[in-house]
Amino acid sequence: MNKKLPLTESVEDYLESILVLSEQLDHVRSVDVASYLGFSKPSVSHAVKLLQEEGLLQINPKKYLILTENGKEVAQSTYRRHLFFSEMLENIGVPRDIAQKDACRIEHIISEETFEAIQNFYQKAEQLESKRSDDSN
């Protein structure tokens, strides 16, 4: 029986890094992921094999890593959370390097429902602040 790979922080980080790297590079290889994440090549090779077995990633004959639709969906969701929390934390005065690290932790532990609620609340607060600014001018 094939046990399904859980969407752990590690799995999300691998998929997110492949997504980010694919926007920066023509082709993403395991060595690129290892360098980006600061992990050993054997660790990345093992993870890539598991991601491929789960249908989240494909490896073409030239050993380029390509996210499947499911893999891309997970990566985009994780990255969207990362960008949101990084920006939000920086906007409230958290230094950029700390905001990046904290956003990376937050993006993995929060439920989709809570993320959507925070995002909606934050957007409404920004709209209200913008309206107040417009009204005072």
Side-chain angles (χ1 to χ4, degrees):
M1 186 168 142
N2 213 4
K3 190 174 178 185
K4 185 145 178 72
L5 187 67
L7 287 179
T8 62
E9 181 175 336
S10 178
V11 167
E12 289 177 344
D13 281 343
Y14 277 110
L15 295 173
E16 181 183 13
S17 69
I18 294 166
L19 176 70
V20 170
L21 288 167
S22 69
E23 294 172 0
Q24 299 171 358
L25 306 170
D26 291 334
H27 308 287
V28 180
R29 299 165 297 141
S30 291
V31 68
D32 301 317
V33 175
S35 176
Y36 182 82
L37 292 173
F39 294 166
S40 72
K41 291 176 195 172
S43 293
V44 172
S45 293
H46 178 70
V48 162
K49 181 181 177 198
L50 294 175
L51 294 172
Q52 185 181 21
E53 288 172 0
E54 287 300 318
L56 297 169
L57 182 67
Q58 294 177 338
I59 304 172
N60 76 7
K62 292 186 177 185
K63 304 290 184 196
Y64 299 149
L65 308 181
I66 302 160
L67 294 171
T68 63
E69 284 305 312
N70 286 342
K72 190 178 286 188
E73 192 176 297
V74 172
Q76 288 173 333
S77 174
T78 304
Y79 191 52
R80 180 172 61 102
R81 291 172 181 221
H82 182 88
L83 293 176
F84 173 81
F85 285 115
S86 294
E87 182 180 331
M88 185 185 79
L89 292 170
E90 285 184 55
N91 285 345
I92 62 172
V94 177
R96 182 176 180 81
D97 60 328
I98 295 172
Q100 291 290 324
K101 289 175 188 169
D102 287 347
C104 193
R105 287 192 291 259
I106 294 168
E107 73 194 31
H108 300 294
I109 61 170
I110 194 168
S111 70
E112 186 63 28
E113 293 80 8
T114 300
F115 171 67
E116 293 294 332
I118 291 171
Q119 190 176 34
N120 289 337
F121 179 84
Y122 190 71
Q123 287 170 345
K124 286 177 186 174
E126 284 182 325
Q127 290 169 354
L128 184 59
E129 184 61 34
S130 178
K131 186 175 176 351
R132 284 184 189 152
S133 253
D134 291 346
D135 289 348
S136 68
N137 289 335

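This is a predicted model, so every value here is computed, not measured.
For the side chain to side chain contact (heavy atoms under 4.5 Å, CB included) test with S17, the passing option among D32, V33, V28 is V33; the others fail.
Scanning both residues, D13 and C104, for their nearest heavy atoms gives OD1-SG, 4.0 Å. Between I98 and V94, the closest heavy-atom pair is CG2-CG1, 3.7 Å. Closest heavy-atom contact between A103 and H82: CB-O, 3.7 Å. Between Y122 and M88 the shortest heavy-atom distance is CE1-CG, 3.5 Å. Annotation for Q58 and T68: closest pair CG-CG2, 3.7 Å, computed over non-hydrogen atoms.
E116 places none of its side-chain heavy atoms less than 4.5 Å from the side chain of E113. At a threshold of 4.5 Å between non-hydrogen side-chain atoms, the residues I59 and I66 do not count as touching. Residues I106 and R81 have side chains not in contact (no heavy-atom distance under 4.5 Å, counting atoms from C-beta outward). L37 places a side-chain heavy atom less than 4.5 Å from the side chain of Y14. By the 4.5 Å heavy-atom criterion applied to side chains, E107 and E12 are not counted as neighbours. Between L51 and L65 there is no side-chain heavy-atom pair separated by less than 4.5 Å. Annotation: side chain of I110 is in contact with side chain of F85 (closest heavy-atom distance under 4.5 Å). Using a 4.5 Å heavy-atom cutoff, the side chains of E54 and N70 are not in contact.
Between H46 atom NE2 and S30 atom OG the span is 12.5 Å, to the nearest 0.5 Å. One distance of note links NZ of K101 with CG of L89; it measures 13.5 Å at 0.5 Å rounding. From L67, atom CG reaches atom CG of L57 across 6.0 Å, with rounding to the nearest 0.5 Å. Here the CG-CD distance, from D97 to E90, works out to 9.0 Å after rounding to the nearest 0.5 Å. To the nearest 0.5 Å, atoms CD (Q52) and NZ (K49) are separated by 9.5 Å. In this structure, CD in E73 is found 11.5 Å from CG in L15, a value given to the nearest 0.5 Å.
In this structure, E112 pairs ionically with R80, as a charged nitrogen and a carboxylate oxygen lie closer than 4.0 Å.
Using a 30° and 60° split on the angle between ring planes, H27 and Y64 fall in the parallel class, below 30°.
Hydrophobic clustering of Ile, Leu, Val, Met, Phe, Trp and Tyr side chains at less than 4.5 Å, counting indirect connections, unites F115 with I92. V74 is connected to L21 through a chain of hydrophobic side-chain contacts under 4.5 Å among Ile, Leu, Val, Met, Phe, Trp and Tyr, so both are in one cluster. The hydrophobic cluster containing V20 also contains L83, counting ILVMFWY residues as joined when their side-chain heavy atoms lie under 4.5 angstrom apart, directly or transitively.
Looking at S45, its side chain does come within 3.5 Å of a backbone N or O of K41 through a donor-acceptor pair. Using modelled atom types, one side-chain atom of S22 and one backbone atom of L19 make a donor-acceptor pair closer than 3.5 Å.
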